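Following: one structure in C-alpha cells, then a few remarks.
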Amino acid sequence: MSSFSEPIVRLKNHVSGWQGKRQPLVEFERFNQRNLYIFPAREGFRFLIIVFLIWMLGTIYENNLVLLLAFFLVAVFVSTIFSTHANLDGLTLRVGDSDPVFSGDQLRVPLLFESKSGRWRRRVFVRYQGQEHVVDIPPSGKATAQLRIDTEQRGWLALGRVRVYTRYPLGVLHAWSWPLLKSKCLVYPKQVPRDTTSSDGTEGHGFAPAGRGMDDFAGLEEWRPGVPAQRIAWKQFSAGRGMLEKTFEAQASNPTWIDWESYKGIPVEDRLSAMCAKAMEMERCGQSYGLRLPGTRLVPSQGERHLRQLLTALAIYPEPPQF
Amino acid sequence: MNELQLSRVQQIWLMSALVISCAPICYFLPFWVAASSLGAIGWRAYLLSRGHAEPNRWVMFLLSVILGLGILAQFSPPVGIEPMSSILTAAAGLKFLEMSRRRESQLLIYLCLFISAIQPIFAQNFGSFLLAVFSIVVVLTAQSMLQRDTDQQFSLFNFSMEPIRQILRLVAVSIPLTLVIFVLAPRLPAFSVIPVQIESATTGVSDFMDPGSISSLSNSSEVAFRVDFEAEVPPARELYWRGLVLDDFDGRAWEPEGRRWIRDNASIIWPNRATSFDWRSETERYGEPHRYTVFLEPTQETWLFALPAAASTKESIGAARNLVLTNRIPISQPTKYDVVSHPQYRHQPNRLDGPQLRDNLDFSEGSNPRTEALIAEWVEQSGSDSVLPNLLSLFNQEFVYTMEPPVYPGNAVDEFIFDGLRGFCEHFASATAAILRMAGIPARVVAGYQGGEIHPTEGYLIVHQYNAHAWVEYWEQGVGWTRVDPTAAVAPDRIEYGFEQYFLNDDVFDPSLFSLDRFRGMALFEWVRLQVDSLNYRWLTLVLGYDTSIQFDLFKRLLGDVTPIRLVLVLVVILAALLAIYLIWNRYNTHRKLSEQQKILRAYLRQLRGLGISIMPAMTLQDILDEAGQKFPNQRANLANLTSQIEQMLYQMRSIDREHLKREIKALKLG
C-alpha cells in the first residue's frame with residue numbers, strides 16, 4: 001500500500017513545493033504569465049469534437065468552405081486562449097480588512113480585486129473551501145468577493161490557497177491561479193469564563209470590587225462609538241437628550257491585572273480563552289484592567305482601543321504585539 | 001437569480017442563434033422540417049411570454065417520434081447531407097423547445113454551430129459563405145452570453161453591444177490564423193465521395209435537345225463557367241466549348257447515343273486506370289495546345305465543357321470516345337479542372353465502326369418527308385458534296401436568326417425549313433445535321449457553349465448561360481470529324497463578336513431579361529458587375545479551388561523544396577509571428593489606455609528604478625520616497641517635492657502643470 005502511495009505523495013509534495021515557489025505567500029498577488037495556468041475546460045473538449053466533426057464533413061464532401069469554417073473555429077479556440085488568459089492577466093488580488101471575531105465565530109474575509117485596464121473583467125470566480133463567488137470587475141475598478149470562514153484557531157487567519165478562475169468569454173477554456181495570500185484578519189481566542197487557579201496575590205484586589213464600581217454613578221458624558229450598550233443612558237435618550245454615556249467612579253480607580261500567572265496549571269489555549277473572557281467582562285463592567293503575558297505588559301486602562309490591543313496580544317501569543 | 005436557469009436575454013440569444021443557423025439550409029430541406037423547427041421556436045416563445053415551463057415530457061417524446069418517422073418517410077435511404085441536415089434542424093428545434101438549463105443549452109449551441117458549418121455544402125458562393133460566418137458569429141455570441149450573468153430584463157433600451165463587440169474582436173483576431181491554417185493544413189483525400197444531390201432547378205445545357213431548349217437558356221445571364229487561360233485567350237470564333245455529343249435523332253429531338261460504343265463505361269478512359277478498349281489512337285493531335293483551367297458552376301450533371309480536342313489529367317475526369325470529358329459524379333459544387341486542348345486535331349479520320357456509322361446516318365426516315373425529298377433532289381442534281389454549301393447559302397440568304405423563334409410542334413425540320421424560316425441555334429444545328437444525314441454524310445449535333453466574355457481587367461473568360469450553343473460535326477473519309485456551325489452562316493457576327501453584341505443591335509433583344517446586364521452601356525453598373533464577378537472569380541480560384549496541387553506548388557515556390565522539416569519550420573515561424581503581433585498589439589493597447597496621470601507615474605517609477613531603487617508592488621509613494629531618500633540623502637527635498645506633486649495630481653487635490661512635472665521627472669538625476 002505504502003509502496004504504491006509513496007510516489008504519489010512524493011509527486012504531490014513536489015508539485016506543492018513547486019507551486020509554493022511559484023506562488024509564495026504574498027500580501028498582494030498580481031496575476032501574470034508566471035502564476036496563471038490555462039487548459040481547455042470540459043466544454044472546450046466538446047467544442048473541439050464538434051470542430052473535428054465539421055472538419056470530417058469538409059473532407060468527405062471535399063468542401064473547402066466547410067474546412068475553412070472548421071479552421072476558423074480552431075482559430076477562435078486559439079484566440080480564446082489569449083482572451084481567457086487576459087481576463088485574469090494584470091488583475092491584482094489582496095485580502096481586505098475585516099473585523100476580528102472570536103474563535104468559533106464566522107469571519108467575513110473580503111477578497112479585493114482591482115483592475116487597472118480599460119476593459120471589463122467578467123465572470124471571475126473565487127473558490128474557497130466549497131464556497132464559490134463570482135465577480136465582474138469594471139474597467140479601472142474594483143470588486144469584492146466576501147468569503148465566509150468558520151474560525152477554529154486564534155491568531156492571524158491563515159487563508160491558505162484560494163482558487164481564482166475564469167472561463168470567460170466562451171467557456172471553452174479554463175484559466176486559473178492559486179494565490180496564497182497573507183490575511184490581516186485576526187481571530188481572538190474563544191471566550192471561556194473561568195476562575196483564577198491561583199490566589200497568590202498577583203491579581204491584587206481581585207475583581208470583587210468591580211461590581212460595586214457599577215453603582216458609583218459619576219455623571220453623563222457625550223456618547224462615543226464603541227461604548228457598551230449597558231452604559232448608554234437610555235432614559236435620557238428616550239427623553240430626547242441624545243446619546244449620552246453613563247460614567248462611573250470605579251473606572252478610574254481599582255485597576256485589575258489579567259495575569260497569565262493566575263491561570264497556572266491549565267493548557268495554554270484554555271488560559272488565553274479565560275483571559276479573553278475576563279477582559280471582555282472587565283470592559284463590560286467599565287473597569288480598568290491591565291494585561292500581563294510573558295513578554296508583554298499592558299498598563300491598566302479601558303475602552304475600545306485598549307480592549308482591542310489586549311485581545312490582539314492574546315490572539316497572537318506567543319508573538320509580542322506591536323502597537 | 002439561479003445560476004442554472006436561463007435568463008430571458010440568454011433565451012433570446014439562443015433563439016436568434018437557432019433561427020440564423022437553420023434558416024439558410026431550410027431553403028434546401030423539405031418544407032415541413034423548417035416548419036416544425038419554426039413551430040417549436042414559436043411555441044417556446046409563446047410559453048416564455050406566458051411564463052410557463054417547457055412542455056410535458058410525453059409531448060416531447062411524441063414529437064420526436066413523429067419527426068423521426070417523417071424523415072424516414074421523406075428520405076429513403078436516410079443517408080447523405082439532406083437527411084442529416086433535416087435531422088439536425090428538427091433536433092435543434094426540439095431541443096430549444098424543451099431546454100431550460102444552461103447546461104442543456106450548450107448542446108443546442110453545438111448543434112447550431114454544426115448546422116452553420118454545413119451551410120457551404122448547399123451553396124458555395126461568396127455571399128452564402130458570409131452568411132455562414134455571420135451565423136457562426138451569432139452562435140458564438142450566444143455562447144458567450146451563456147457565460148455571463150444576465151440578470152437584466154431584455155429590452156431594446158438596455159440592449160448592449162458589448163458582447164457582440166467582444167466576439168467580433170475575437171473573430172478579427174482569429175482571421176489571420178484561420179488563413180494560415182487554411183493554407184498550410186494538409187488535405188486528406190476524401191474517404192468516399194458522396195454526391196450532394198440537391199433538388200433545385202439549375203440551368204444549363206441538357207442532354208435532350210428539342211427545338212426551343214437552348215433558346216430558353218438565352219434569357220439567363222448566370223455564369224456557366226469561367227476559364228483561365230495560361231496564354232492569350234483564343235479568338236471568339238475558336239471558342240467552341242464542347243459538352244455533349246448528341247447522336248440520336250428521332251425526327252424532332254436529339255439525345256446522346258445510348259448504345260454501347262459511346263455510353264458504356266468501357267469506352268471511357270480514366271486516368272491511371274486500365275482500360276479494356278483503348279481508342280486513343282483514333283485521335284491525332286498536333287500543333288500548339290491551349291492550356292487552361294475551367295471553374296465550372298454546379299450543373300448536377302456529369303458532363304464537362306472544354307475546347308476540342310481536350311484531355312485532362314484529373315483523377316475524377318474521364319475521356320469519352322467522342323472527345324468529351326465526363327466527371328465521375330454529378331457536379332454538385334463549383335469544380336475546377338485543368339485541360340489541355342489541341343485546336344488542331346483529327347478525330348477518327350480513317351473509319352467509323354459499323355454501329356457508329358449506322359447511328360450517325362440515321363435521320364429517322366419518314367419523319368420530315370418534305371426535307372427528305374428536297375435533299376434527294378439536291379443530291380441528284382449536284383452530288384452529296386454540294387449539300388452543305390447549298391444549305392449554308394440558303395440559310396444565309398433566306399433565314400433569320402432570332403431569340404424568339406416560332407414554335408415548331410410537329411415535324412420540326414420540315415416546319416423550320418419550309419414554313420418558319422426563323423430559328424435559334426438549335427434549329428439550325430438540328431436541321432443541318434439531319435440534312436447531312438439525309439445526304440449520306442455522317443453527322444451529329446454538339447451541345448455546349450460558344451464564345452464568352454473576357455473580363456477587361458482580370459483577363460479571364462466568363463461564359464454565361466446565354467452563350468449556350470449547338471452546332472454540327474460531320475464526318476469525311478481521311479479528315480475525320482469537322483465542325484460546321486450553321487449559325488455562323490446566318491449570323492456571322494454572333495460568332496465573331498459574341499451573343500450580347502449581336503443581340504444588342506437587334507430589336508428582338510429584350511434588355512429586361514438580363515439582370516445586371518440590363519445596365520450594359522452604363523459605365524458604373526458595368527464596372528460593378530465586373531467587380532462582383534472578379535470577386536467571385538477570386539473566391540473560386542483562391543478559396544474554393546485551393547487544393548493539394550496548388551498547396552504543393554505554393555510550398556515549392558516558397559520553400560524551394562517541400563520537406564517535413566521545412567514545413568514544421570514555416571509553421572513555427574508563422575505562429576511565432578502571429579504571437580508576436582498579438583503581444584505587441586496587446587501591449588500597445590494597454591499602454592494606450594493608461595491615463596496621462598498613470599503615464600507620468602510610470603515615468604517617475606521608471607526613472608527611480610533606473611537609478612537602482614528597488615520598488616515593490618505594494619509600496620506606497622511615501623515608502624518609495626523613504627527608500628530613495630535613504631539612498632540619496634542630498635536629493636531628498638527634490639524627491640519629496642516630486643512625490644507630493646504626483647500625489648496631488650493622482651488624487652486631484654489641485655491641478656498640476658503636468659508638462660512641467662514631466663520635464664522635472666525627466667531631469668531627475670541623483671548622486
Side-chain angles (χ1 to χ4, degrees), chain A residues 26-30 42-43 46-47 49-51 53-80 82-86 89-90 92 94 116-120 122-123 132 134-136 139-140 166-172 182, chain B residues 3 81 106-107 110 113-114 116-121 124 128-129 132-133 136 140 143-144 146-149 162-163 166-167 169-171 173-182 185 187-194 196 333 543-547 582 586 589-590 592-595 598 617-618:
Chain A
V26 285
E27 264 176 43
F28 170 95
E29 185 78 282
R30 172 186 282 274
R42 189 186 302 174
E43 286 307 332
R46 293 204 186 120
F47 183 89
I49 289 172
I50 294 294
V51 173
L53 289 177
I54 294 171
W55 175 84
M56 286 246 299
L57 201 74
T59 302
I60 289 173
Y61 283 95
E62 288 191 306
N63 190 311
N64 260 349
L65 298 187
V66 176
L67 290 177
L68 190 58
L69 290 179
F71 298 151
F72 172 64
L73 288 174
V74 170
V76 166
F77 188 84
V78 172
S79 314
T80 311
F82 292 104
S83 59
T84 307
H85 189 270
D89 191 30
T92 56
R94 74 176 87 222
K116 286 202 172 114
S117 76
R119 64 196 143 78
W120 274 88
R122 291 194 183 272
R123 307 298 285 175
E132 196 162 58
V134 56
V135 289
D136 284 5
S140 305
T166 189
R167 293 193 185 133
Y168 191 78
L170 288 186
V172 293
K182 271 184 206 161
Chain B
E3 273 291 295
I81 195 73
Q106 196 66 51
L107 178 66
Y110 288 151
L113 209 56
F114 195 75
S116 305
I118 288 180
Q119 289 176 20
I121 293 182
Q124 284 91 1
S128 323
F129 181 70
V133 171
I136 283 189
L140 290 177
Q143 181 166 11
S144 95
L146 287 184
Q147 301 302 320
R148 284 171 183 247
D149 202 18
E162 193 226 328
Q166 159 107 22
I167 293 297
R169 210 176 302 132
L170 204 62
V171 165
V173 171
S174 310
I175 287 172
L177 184 59
T178 309
L179 298 180
V180 168
I181 304 176
F182 182 75
R187 301 293 197 276
L188 290 193
F191 320 123
S192 61
V193 180
I194 305 166
V196 188
Q333 347 191 2
V543 182
L544 291 178
Y546 187 80
D547 58 16
Y582 170 79
N586 210 20
N589 239 11
T590 16
R592 202 186 49 179
K593 280 186 185 140
L594 286 177
S595 64
Q598 281 189 317

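Note that the structure is a prediction, hence the values are computed from the model and not measured. Order of the sequence lines fixes the chain letters, A, B, ..., with proteins taken first and strands second; residue numbering starts at 1 for each chain.
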Practice prompt. Give me the one residue out of L57(A), L65(A), I60(A) that meets side-chain contact (heavy atoms from CB on, under 4.5 Å) with I121(B).
Written response: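 Among the candidates, only L57(A) passes.
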_Toward chain A, the part of Q124(B) with a non-hydrogen atom under 4.5 Å_ =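 Both parts, backbone and side chain.
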task: Tell me, for S116(B) versus chain A, whether the close heavy atoms (under 4.5 Å) come from the side chain, the backbone, both or neither.
output: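 S116(B) touches chain A through backbone heavy atoms alone.
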Go through the atoms of [X] and report whether side chain, backbone, both or neither lie under 4.5 Å from a heavy atom of chain B.
| X | answer |
| --- | --- |
| T80(A) | both |
| F28(A) | side chain |
| V51(A) | neither |
| F47(A) | both |

**Prompt:** When only pairs under 4.5 Å are counted, which of A132(B), P163(B), S144(B), P176(B) shares the most heavy-atom pairs with chain A?
**Reply:**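 Among A132(B), P163(B), S144(B), P176(B), the one with the most close pairs to chain A is S144(B).
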Determine whether [X] and [Y] make a side-chain contact, defined as any pair of heavy atoms from C-beta on separated by less than 4.5 Å.
| X | Y | answer |
| --- | --- | --- |
| V171(B) | F72(A) | yes |
| F129(B) | L68(A) | yes |
| F114(B) | L53(A) | yes |

Whether the side chain of R187(B) engages the backbone of T59(A) through a donor-acceptor N/O pair (distance < 3.5 Å, no angle test) should be reported.
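No: the side chain of R187(B) does not pair with the backbone of T59(A).
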Quick one: does Q143(B)'s side chain have a donor or acceptor within less than 3.5 Å of a partner on L170(A)'s backbone?
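Checking the backbone N and O of L170(A) against the side chain of Q143(B), a donor-acceptor pair under 3.5 Å is found.
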Spacing of [X] atom [atom1] and [Y] atom [atom2] [to the nearest 0.5 Å]:
| X | Y | atom1 | atom2 | value |
| --- | --- | --- | --- | --- |
| Q106(B) | E43(A) | CD | CD | 4.0 Å |
| T84(A) | Q147(B) | OG1 | CD | 9.0 Å |
| S174(B) | F82(A) | OG | CZ | 10.5 Å |
| I54(A) | I118(B) | CD1 | CD1 | 8.5 Å |

Closest non-hydrogen atom pair between [X] and [Y], with its separation:
| X | Y | value |
| --- | --- | --- |
| S79(A) | V173(B) | OG-CG1, 3.9 Å |
| A117(B) | L69(A) | CA-CD1, 3.7 Å |
| N64(A) | F182(B) | O-CE1, 3.8 Å |
| L73(A) | I136(B) | CD2-CG2, 3.9 Å |
| A75(A) | T178(B) | CB-OG1, 3.3 Å |

Among I50(A), N63(A), V76(A), which residue forms the greatest number of heavy-atom pairs with chain B at distances under 4.5 Å?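 Among I50(A), N63(A), V76(A), the one with the most close pairs to chain B is N63(A).
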